[in-house]
Structure formats: C-alpha cells, structure tokens
Amino acid sequence: QVQLVESGGGLVQGGGSLRLSCAASGRAFSTFVMGWFRQVQGKEREFVSAISRSGKNLYYGDSVKGRFTISRDNAKNTVYLQMNSLKPEDTAVYFCATYDDRLGYDPYNARSYEYWGQGTQVTVSS
C-alpha cells in the first residue's frame, strides 16, 4: 500500500508561481514513476507531468511545457511540481499518482497509475 499526500496548492495571480509537493509513504519510493494530473469539475482528468524512478526521464503535457518543472528527491520520498507563469486555465485540483516503474506502463495514461493522492486545489486569478 502507498499513501500520497499533496501540498502547496492555493490561490495565485496570473503570471505567478506555486510549487506543489507530494510525499509518499508505504513502499520503496525509488521504484515508482510519479505523476501529476489535474481535473476541473465536469471534465476528464488531464495529464500534467511525470518523472521516472531515476529522475532521468521527464514527461510533460503540451499545455504546461516550458512553464512547469517536475523533480523528485528519493531521499525524502517526495516529488515536486514547480509551476511558473500560471494562467487562469491552470485552475484545477492537482493529483499526485504513482505506479511501479518496472511495469513499463505509459506514464501519460491515468490508467497506468495504481495509487492516487486526495488532491490539492490550485486557483489562478486573472
């Protein structure tokens, strides 16, 4: 079993920055792909970013490329999402998720992920 706890969400003006954190516990963090998804009520969950267990492979959704940066600290069992140049359309609940990297699943697909956090709200004002 894996527990994921997100933090760092909040209200920010357009053009501002936030850093989300996701702390994992329960199993060997260093074997996990860690991903971020976001969801607006009434819409499908959207892929934001993911990072391989080693941190060498990074994945980004088209809408956040060049603005968001994912990173991880395996010593702290934590993954981060640095979000810069935020736009009102980035407003959503952001979820952290994970699956075992050794399974070789598609990191862009929400169905690959076995464990999910509760989410943290990010609101960007215009």
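By the rule that hydrophobic residues join a cluster once side-chain heavy atoms approach within less than 4.5 Å of another member, I70 and V64 end up as members of one cluster. Transitive grouping of hydrophobic side chains (ILVMFWY, heavy atoms separated by less than 4.5 Å) keeps L18 and Y80 in distinct clusters.
Within the structure, no pair that satisfies the salt bridge (Lys or Arg N to Asp or Glu O under 4.0 Å) test touches residues 70-83, not counting sequence neighbours. Applying the salt bridge (Lys or Arg N to Asp or Glu O under 4.0 Å) test to every pair with at least one member in residues 99-108, sequence neighbours left out, gives these pairs: R53-D101, D100-R102.
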Checklist line | side-chain contact (heavy atoms from CB on, under 4.5 Å) between V40 and E46, worked out | finding: CA-CA 9 Å; V40 176; E46 177 190 8; over 6 Å; no
Notebook entry, point to check: Run the side-chain contact (heavy atoms from CB on, under 4.5 Å) check on Q13 and L86 step by step: do they pass?
Noted result: CA-CA 8 Å; Q13 280 193 329; L86 283 162; over 6 Å; no
Next item on the list: Please assess D90 against R67 for the test side-chain contact (heavy atoms from CB on, under 4.5 Å), listing each intermediate value before the final yes or no.
Entry: CA-CA 11 Å; D90 294 317; R67 300 188 298 121; 2.7 Å; yes
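One distance of note links CD1 of I51 with NZ of K56; it measures 12.0 Å at 0.5 Å rounding. In this structure, CD in Q118 is found 11.5 Å from SG in C96, a value given to the nearest 0.5 Å. In this structure, R19 CZ and T69 OG1 are separated by 11.5 Å, a value rounded to the nearest 0.5 Å. Distance OG/S25 to CD/Q1: 9.5 Å, rounded to 0.5 Å.
For the pair L20 and E6, the minimum side-chain heavy-atom distance is 4.5 Å or more. At least one side-chain heavy atom of Q121 sits less than 4.5 Å from a side-chain heavy atom of T91. Counting heavy atoms from C-beta outward, E114 and V2 have side chains that stay 4.5 Å or more apart. In this structure the side chain of F29 never reaches within 4.5 angstrom of the side chain of T98, judged on heavy atoms.
Connectivity analysis of hydrophobic side chains (ILVMFWY, heavy atoms under 4.5 Å, direct or indirect) links F37 to V33, F47, Y59, V93, F95, Y99, L103, Y105, Y108, Y113, W116. In the hydrophobic clustering, where aliphatic and aromatic side chains (Ile, Leu, Val, Met, Phe, Trp, Tyr) are joined below 4.5 Å either directly or transitively, V5 stands alone.
Minimum interatomic distance between W36 and L81 (heavy atoms only, all atoms of both residues): NE1-CB, 3.6 Å. Between S126 and P88, the closest heavy-atom pair is CB-CG, 3.8 Å. A pairwise comparison of heavy atoms in T78 and S21 identifies CG2-CB, 4.3 Å as the closest pair. Summarising the geometry of Q39 relative to K43, their closest heavy-atom pair is NE2-O, 3.0 Å, with the distance given to 0.1 Å. For F68 against V48, the heavy-atom pair with the smallest separation is CD2-CG1, 3.7 Å.
Residues meeting the side-chain contact (heavy atoms from CB on, under 4.5 Å) test with E44, sequence neighbours left out: none. The side chain to side chain donor-acceptor pair (under 3.5 Å) test applied to E89 returns no partner, not counting sequence neighbours.
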